[in-house]
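First comes the structure, then the notes that go with it.
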Amino acid sequence: MKTLVEFINDKQADFTYASGEFSRLLNDIGIAAKYVHREVNKAGLADIMGYEGTQNVQGEDQKKLDVFANDQFIKALKHGGQCCAIVSEENDDLITYDNQTSNNGKYVVAIDPLDGSSNIEVNVSIGTVFSVYRRKSEQGGKGTLEDVLQPGTEIVAAGYVIYGSSTMLVYTTGNGVNGFTLDPSVGLFLLSHPEIKIPDGGNIYSINEANYIYFPDGVKEYIRYCQEDDPKTLRPYTTRYIGSLVADFHRNLLRGGIYMYPGTKKNPNGKLRLLYECNPVAMIAEQAGGKATDGFRRIMEIKPEEMHQRVPIFVGSKHMVEKAEYFMNYYSKDFKPK
Ligand code: AHG
Ligand code: MN
Ligand code: MN
């Protein structure tokens, strides 16, 4: 079976900006993911081994998993020297580097290092989500805000890692979607899911329905549609909601389904972040034959105004997202961005 490293190297030639630098960056993300996998897998041992408090048995500072994951990805990207700036969910400000190698890097990365934090301590799937852009500013200086505030259409690679019953890395460079499963016994990601296509005839809808009373009428009506009896269209659909975007999205990508985090009157932009949650899954969905919108606009065409901007999202199988969009347009025009 092909390894991630072999696959990235093989594909290098197909890529518009064929360069070893880009491959190196993707490989570095894969390496950091393995360290996070290792920590995630022993998270339950923390108490038993006396790893609680501020120091572990080796006298090292013990960090929460999301902080650990953040440090790993930042370190890996710094070490590789291809990346000149990072937007991370864990850092209010843009991360730049003081070394010349990184300032010569051609790429910027947006990342949610640990997604699904409420699931960490209960042994439920969590993830990492990222996207990579080419910088706009000149090489040699620090990365800038302008480099990271690019619409999703400018992304050169997007992916996620899911730390689930197995650990997988799924990514796209705009030429289809491929998934790799980590074989922990040898520490290699192996190509297990080549050319992933999202089934269009899915029957799963994923939404935090506890927020129902706050949802726009379009979402309420769509949920009612999902629950209607029509066996020809697989309805009533079934609900699956983990509360980790990566895990919910991954399941729907393989099985066919829709994930929704809509805006409400109180939070018109929903909860999820455009740069490092919505855009990467939107690009993967599209590359797998699916769709992602905010109910009205294609997610990937939204021009970001700030690093941690939130945006409503409907993502997954094409016909399901289109149906949700239809209901939003019919019942909730007032939610349409001006
Ligand atoms: P994070 O852990 O990175 O803060 O993200 C959590 C996100 C996302 O993963 C998940 O789908 C969503 O929050 C769940 O939100 P609710 O608890 O409001 O349903
Ligand atoms: Mn998240
Ligand atoms: Mn997070």
Next on the checklist: Test your reading of the model: is there a side-chain donor-acceptor pair from Asp294 to the backbone of Phe296, 3.5 Å cut-off?
Outcome noted: yes
Next on the checklist: Other residues, nucleotides and ligands only: do more than 12 of their heavy atoms fall within 6.0 Å of CD on Glu138?
Outcome noted: no
Item to check | Leu274 with Met307, same ILVMFWY side-chain cluster at under 4.5 Å | outcome: no
Checklist entry - Just by distance, do the side chain of Asp200 and the backbone of Lys318 share a donor-acceptor pair under 3.5 Å? => result yes
Checklist entry - Crowded around Glu121 CD? As in, over 12 foreign heavy atoms under 6.0 Å? => result no
Checklist entry - Is a side-chain N or O of Asp112 found less than 3.5 angstrom from the main chain of Thr128, in a donor-acceptor match? => result no
Item to check | Spacing of CG belonging to Leu149 relative to CD belonging to Gln309, to within rounding of 0.5 Å | outcome: 8.0 Å
Next on the checklist: Using side-chain contact (heavy atoms from CB on, under 4.5 Å), reason through Val108 and Cys84 one step at a time and then give a plain yes or no.
Outcome noted: CA-CA 6 Å; Val108 292; Cys84 65; 3.7 Å; yes
Item to check | Atom pair CE/CG of Met1 and Leu190 - distance to nearest 0.5 Å | outcome: 6.0 Å
Checklist entry - What do you reckon, is CD of Gln227 surrounded by more than 12 foreign heavy atoms closer than 6.0 Å? => result yes
Next on the checklist: Donor-acceptor pair, distance only, cut-off 3.5 Å: does the side chain of Thr264 make one with the backbone of Pro268?
Outcome noted: no
Next on the checklist: For Asn123, I'd like to know if atom CG has over 12 heavy atoms of other residues, nucleotides or ligands within 6.0 Å.
Outcome noted: no
Checklist entry - Are any side-chain N or O atoms of Ser244 and backbone N or O atoms of Ser125, one a donor and one an acceptor, separated by less than 3.5 Å? => result yes
Checklist entry - Which atoms form the tightest heavy-atom contact between Phe189 and Ala33, and what is the distance? => result CZ-CB, 4.2 Å
Next on the checklist: For Arg134, is there any backbone N or O sitting under 3.5 Å from a side-chain donor or acceptor partner on Gln150?
Outcome noted: yes
Checklist entry - If you draw a 6.0 Å radius around OH in Tyr35, do more than 12 non-hydrogen atoms from other residues or ligands fall strictly inside? => result no
Next on the checklist: Testing the basics here: between Ala247 and Ile242, what is the closest heavy-atom pair and its distance to 0.1 Å?
Outcome noted: CB-CD1, 3.6 Å
Item to check | Of Leu272, Val246, Ile111, the residue whose pairing with Val129 passes side-chain contact (heavy atoms from CB on, under 4.5 Å) | outcome: Val246
Checklist entry - Going by heavy atoms in the side chains, are Lys265 and Asp334 under 4.5 Å from each other? => result yes
Item to check | Verify same cluster id: Ile74, Leu77 (apolar side-chain graph, 4.5 Å) | outcome: yes
Item to check | Mutual orientation of the aromatic rings belonging to Phe327 and Tyr225 [parallel < 30°, tilted 30-60°, perpendicular > 60°] | outcome: tilted
Checklist entry - Is a side-chain donor or acceptor of Lys34 paired with a backbone partner of Gly187 at a separation under 3.5 angstrom? => result yes
Item to check | For Phe215 against Lys220, the heavy-atom pair lying closest together | outcome: O-CE, 3.6 Å
Next on the checklist: On a heavy-atom basis, which atom in Leu94 and which in Leu145 lie closest, and how many Å separate them?
Outcome noted: CD2-N, 3.8 Å
Next on the checklist: Between Lys11 and Thr173, does the side-chain contact (heavy atoms from CB on, under 4.5 Å) criterion hold? Intermediate values first, please.
Outcome noted: CA-CA 9 Å; Lys11 289 285 163 193; Thr173 53; 5.9 Å; no
Checklist entry - Of the non-hydrogen atoms in Cys83 and Ile86, which two are nearest, and what is the gap between them? => result SG-CG1, 3.7 Å
Item to check | Partner of Lys291 under side chain to side chain donor-acceptor pair (under 3.5 Å), chosen from Glu286, His319, Glu325 | outcome: Glu325
Next on the checklist: Check for me, please, whether Met168 and Phe130 land in the same ILVMFWY cluster - side-chain distances under 4.5 Å, paths through other members count.
Outcome noted: no
Next on the checklist: With a 4.5 Å cut-off on side-chain heavy atoms, are Met320 and Tyr237 touching?
Outcome noted: yes
Next on the checklist: Can you confirm whether Phe73 sits close enough to Val36 that some side-chain heavy atom of one is under 4.5 Å from a side-chain heavy atom of the other?
Outcome noted: yes
Checklist entry - Roughly how far apart are Thr239 OG1 and Asn203 CG, rounded to 0.5 Å? => result 10.0 Å
Next on the checklist: Pair Asp115, Tyr160 - check side-chain contact (heavy atoms from CB on, under 4.5 Å), show working.
Outcome noted: CA-CA 10 Å; Asp115 171 71; Tyr160 61 81; over 6 Å; no
Checklist entry - Do Asn211 and Tyr261 pass the side-chain contact (heavy atoms from CB on, under 4.5 Å) test, and can you show the C-alpha distance, the side-chain angles, and the key distance before you say yes or no? => result CA-CA 10 Å; Asn211 296 324; Tyr261 212 110; 3.7 Å; yes
Item to check | Separation of Lys323 NZ from Ser317 OG (nearest 0.5 Å) | outcome: 14.0 Å
Item to check | Check: Ser131 and Met283 side chains under 4.5 Å, non-hydrogen atoms | outcome: no
Checklist entry - With a 4.5 Å heavy-atom cut-off, do Ile258 and Tyr222 have their side chains touching? => result yes
Checklist outcome for this item: Between Ala282 and Ala292 the two heavy atoms that sit nearest each other are CB-CB, 3.4 Å
Checklist entry - Can you tell me how far the CD1 atom of Ile8 sits from the CG atom of Leu25, to the nearest 0.5 Å? => result 9.5 Å
Next on the checklist: Is the shortest side-chain heavy-atom distance between Tyr133 and Val148 below 4.5 Å?
Outcome noted: no
Checklist entry - Got more than 12 heavy atoms from elsewhere within 6.0 Å of NZ, Lys136? => result no
Checklist entry - Do side-chain atoms of Arg135 reach the backbone of Lys106 as a donor and acceptor pair under 3.5 angstrom? => result no
Checklist entry - Applying the 4.5 Å side-chain criterion to the ILVMFWY set and letting contacts propagate, would Ile198 and Tyr205 be lumped into a single cluster? => result no
Item to check | Leu275 backbone acceptor or donor facing Arg273 side chain under 3.5 Å | outcome: no
Checklist entry - With a cut-off of 6.0 Å (strictly less than), are more than 12 heavy atoms of other residues, nucleotides or ligands near CZ of Arg240? => result no
Checklist entry - Are any non-hydrogen side-chain atoms of Val161 and Tyr163 less than 4.5 angstrom apart? => result yes
Checklist entry - In the single-linkage hydrophobic clustering (I, L, V, M, F, W, Y; side-chain heavy atoms under 4.5 Å), do Ile162 and Tyr259 co-cluster? => result yes
Checklist entry - Can you tell if the side chain of Lys78 reaches within under 4.5 Å of the side chain of Asn99, non-hydrogen atoms only? => result yes
Checklist entry - Would you say the side-chain atoms of Ser206 and Asn252 include a donor-acceptor pair closer than 3.5 Å? => result yes
Next on the checklist: Could you check whether Asp147 and Thr144, counting side-chain N and O atoms only, form a donor-acceptor pair closer than 3.5 Å?
Outcome noted: yes
Next on the checklist: Can a donor-acceptor pair be found, under 3.5 Å and without considering hydrogens, that links the side chain of Glu90 to the backbone of Ser88?
Outcome noted: no
Item to check | Arg224 bridged to Glu221 by N-O distance under 4.0 Å | outcome: yes
Checklist entry - Which of parallel (below 30°), tilted (30 to 60°) and perpendicular (above 60°) describes Tyr171 and Phe180? => result parallel
Checklist entry - Roughly how far apart are Ile120 CD1 and Lys64 NZ, rounded to 0.5 Å? => result 7.5 Å
Checklist entry - Is it the case that more than 12 heavy atoms not belonging to His79 sit under 6.0 Å from its NE2 atom? => result no
